[in-house]
Amino acid sequence: MVVVMTAEAGETEVDGVVDRVRSAGGDAFVSRGMSRTIVGLVGDVDHLDTLNLRGMPGVSDVVRITSPYKLVSREHHRERSVIRVGGVPIGPDTLTVIAGPCAVETAEQTLASAQMARAAGASLLRGGAYKPRSSPYAFQGLGEAGLKILAEVRTETGLPVVTEVVDPGDVDLVASYADMLQVGTRNMQNFPLLQAVGGVGKPVMLKRGMNATIEEWLMAAEYIAQRGNLDIVLCERGIRTFEKATRNTLDISAVPVAQRLSHLPVIVDPSHSGGRRDLVLPLSRAAIAVGADGVIVDVHPHPESALCDGPQALVESDLRELAAVAAHLSPLVGRTLTPAPAIPREAALA
Ligand code: PEP
Ligand code: MN
């Protein structure tokens, strides 16, 4: 059950609802959104129904929700949400391309990748400074030095930055540089991390756990929402199956399924799904055709010497085709390709 407060409701009205629910033996979690506050209720729904919450001051609506996730469910919010990342929309009317290197390696490599991202039709830049690697001997990312490079490249290119955070203790630091925080597949059920990103005022891209069901994925999103951050974008990045020909199996049906169950945007990562450069364009076409709200792809100026995921990175000669695919297919699925923000004036003159 979810209590939607009126836009004018203040702390006293919210506390009133929380107190009434708790004194009746239930529990209440307050989520403060940009425009209004929502209180998620846990407990015996039939009993909570008798509390006359609808009649309380500051309450706009009480919604009975049957799915195990509430705030992210379509039952709670019928309209599909638009999430803004540094002003760039991700939502049902647009197609948003995010591109960049798997990992930030050097300032030159990141700037070159950002220019490649623009050429590929991207409006957001991706790049990891904290890398969750399967091997402890593999490159782990540059840490804060990488975040500084991303911030400089944003100033130079105008592209807002999406970057991963792997440790709850780093969330504030990463959020101070990033426009959107990424929670990777390996951390989809890292509950302290989900709660920490739920407490910051930056949008979150939540990748699907490689072994997670769609319901578990939405429950993970609910952890973030429950802490008050409803600016969440879901990312399907392939799941583990018996098939070995691809790195992961892109679960294309997860896109419309998640969009029907949740109001949150759903994007696709064809790079980490296929794990091979030659599959990125075909999988991108499939993602756009099935109705994804965007795609996130790896690019690299020199994939042969990349410190992470070189085999799946698009190269210069692929970019024009990705841009054409995005531009040509988006009107066919009723969307507008999200334009890249303008290049900052000083950078354009330099
Ligand atoms: C990534 O996007 O760099 C990444 C590590 O992805 P995933 O968590 O999906 O493996
Ligand atoms: Mn990667």
Side-chain angles (χ1 to χ4, degrees), residues 85 96-105 109-110 113-114 116-117 122 124-136 138-143 146-147 149-150 161-167 170 174 178-190 193-194 197 203-212 214 216-217 220-221 224 232-241 246-252 254-255 258 266-277 279-280 283-284 287 292 294-300 302-303 305-315:
V85 182
T96 303
V97 178
I98 308 172
C102 175
V104 174
E105 298 167 17
Q109 166 255 7
T110 308
S113 301
M116 292 173 77
L124 295 171
L125 173 67
R126 64 147 289 148
Y130 295 86
K131 297 302 302 174
R133 303 303 297 277
S134 302
S135 163
F139 176 59
Q140 305 285 310
L142 297 179
L147 297 175
I149 292 175
L150 285 167
V161 163
V162 183
T163 194
E164 181 157 0
V165 57
V166 299
D167 185 326
D170 289 335
V174 178
D179 298 287
M180 179 182 240
L181 302 173
Q182 173 174 328
V183 174
T185 192
R186 294 161 186 81
N187 276 314
M188 190 209 82
Q189 284 187 317
N190 179 339
L193 181 64
L194 297 176
V197 298
V204 177
M205 181 175 77
L206 178 65
K207 296 189 105 175
R208 179 179 178 187
M210 61 183 93
N211 300 308
I214 293 171
E216 287 163 340
W217 187 22
I224 302 171
I232 307 165
V233 172
L234 300 166
C235 177
E236 160 61 40
R237 50 78 70 203
I239 51 174
R240 282 250 165 115
T241 67
T246 49
R247 185 175 178 182
N248 293 281
T249 299
L250 175 61
D251 182 6
I252 201 78
V255 177
V266 182
I267 67 169
V268 165
D269 180 341
S271 307
H272 288 82
S273 320
R276 281 170 32 191
R277 179 171 308 124
L279 296 179
V280 173
L283 296 181
S284 298
V295 289
I296 177 166
V297 299
D298 285 7
V299 300
H300 200 290
H302 305 289
S305 54
L307 296 179
C308 184
D309 287 348
Q312 69 195 29
L314 293 184
V315 294

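Numbering of ligands and ligand atoms starts at 1, following listing order. Owing to the predicted nature of the structure, the values given are computational and were not obtained by experimental measurement.
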Enquirer: For the residue pair R247 / Q312, report whether a side-chain donor-acceptor contact shorter than 3.5 Å exists.
Expert: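 Checked: Q312/R247 side chains pair up, N/O donor to acceptor below 3.5 Å.
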Enquirer: The Mn ion (ligand 2) as vertex, arms to SG of C102 and NE2 of H272: angle to 10°?
Expert: 150°
Enquirer: For the Mn ion (ligand 2), decide whether C308 has an N, O or S atom at a distance under 2.8 Å.
Expert: no
Enquirer: Nearest heavy atom to atom 2 (O) of ligand 1: which of E164, K131, K207, E236 does it belong to?
Expert: K207
Enquirer: Could you work out, for atom 9 (O) of ligand 1, the closest of M188, R237, H272, M210 by heavy-atom distance?
Expert: R237
Enquirer: Does the side chain of H302 pick up a donor-acceptor pair with the side chain of Q109 at under 3.5 Å?
Expert: no
Enquirer: Who's the nearest protein heavy-atom neighbour of atom 8 (O) of ligand 1, and how far?
Expert: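 Residue, atom and distance for the closest contact: T185 N, 2.8 Å.
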Enquirer: Under a 3.5 Å cutoff, is there a donor and acceptor pairing between the side chains of H272 and D309?
Expert: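 Distance-only check passes for H272 and D309.
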Enquirer: Compare every heavy atom of A99 with every heavy atom of V299, then report the nearest pair and how far apart it is.
Expert: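 For V299 and A99, the tightest heavy-atom pair comes out as CG1-CB, 4.3 Å.
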Enquirer: Taking N or O atoms only and a 3.5 Å limit, does D269 qualify as a polar contact for ligand 1?
Expert: no
Enquirer: Any heavy-atom pair between the side chains of T96 and L124 that's under 4.5 Å?
Expert: yes
Enquirer: Below 4.0 angstrom from a heavy atom of G184, which ligand 1 atoms are there? Numbered from 1 as shown, please.
Expert: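 By the 4.0 Å cutoff, the relevant atoms are 8 (O).
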Enquirer: Any idea which atoms of ligand 1 are less than 4.0 Å away from a heavy-atom of R186?
Expert: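 Those atoms are 8 (O), 10 (O).
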Enquirer: Can you tell me if, anywhere in D309, an N/O/S atom lies at a distance from the Mn ion (ligand 2) that is smaller than 2.8 Å?
Expert: yes
Enquirer: Does any part of the side chain of P311, heavy atoms only, come nearer than 4.5 Å to the side chain of R276, both counted from C-beta?
Expert: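 R276 vs P311: side chains apart.
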Enquirer: Let's go through R208 and D251 carefully: what are the C-alpha distance in whole Å and the side-chain angles of both, what is the deciding distance for salt bridge (charged side-chain N to carboxylate O under 4.0 Å, His left out) to 0.1 Å, and is it a yes or a no?
Expert: CA-CA 10 Å; R208 179 179 178 187; D251 182 6; 2.9 Å; yes
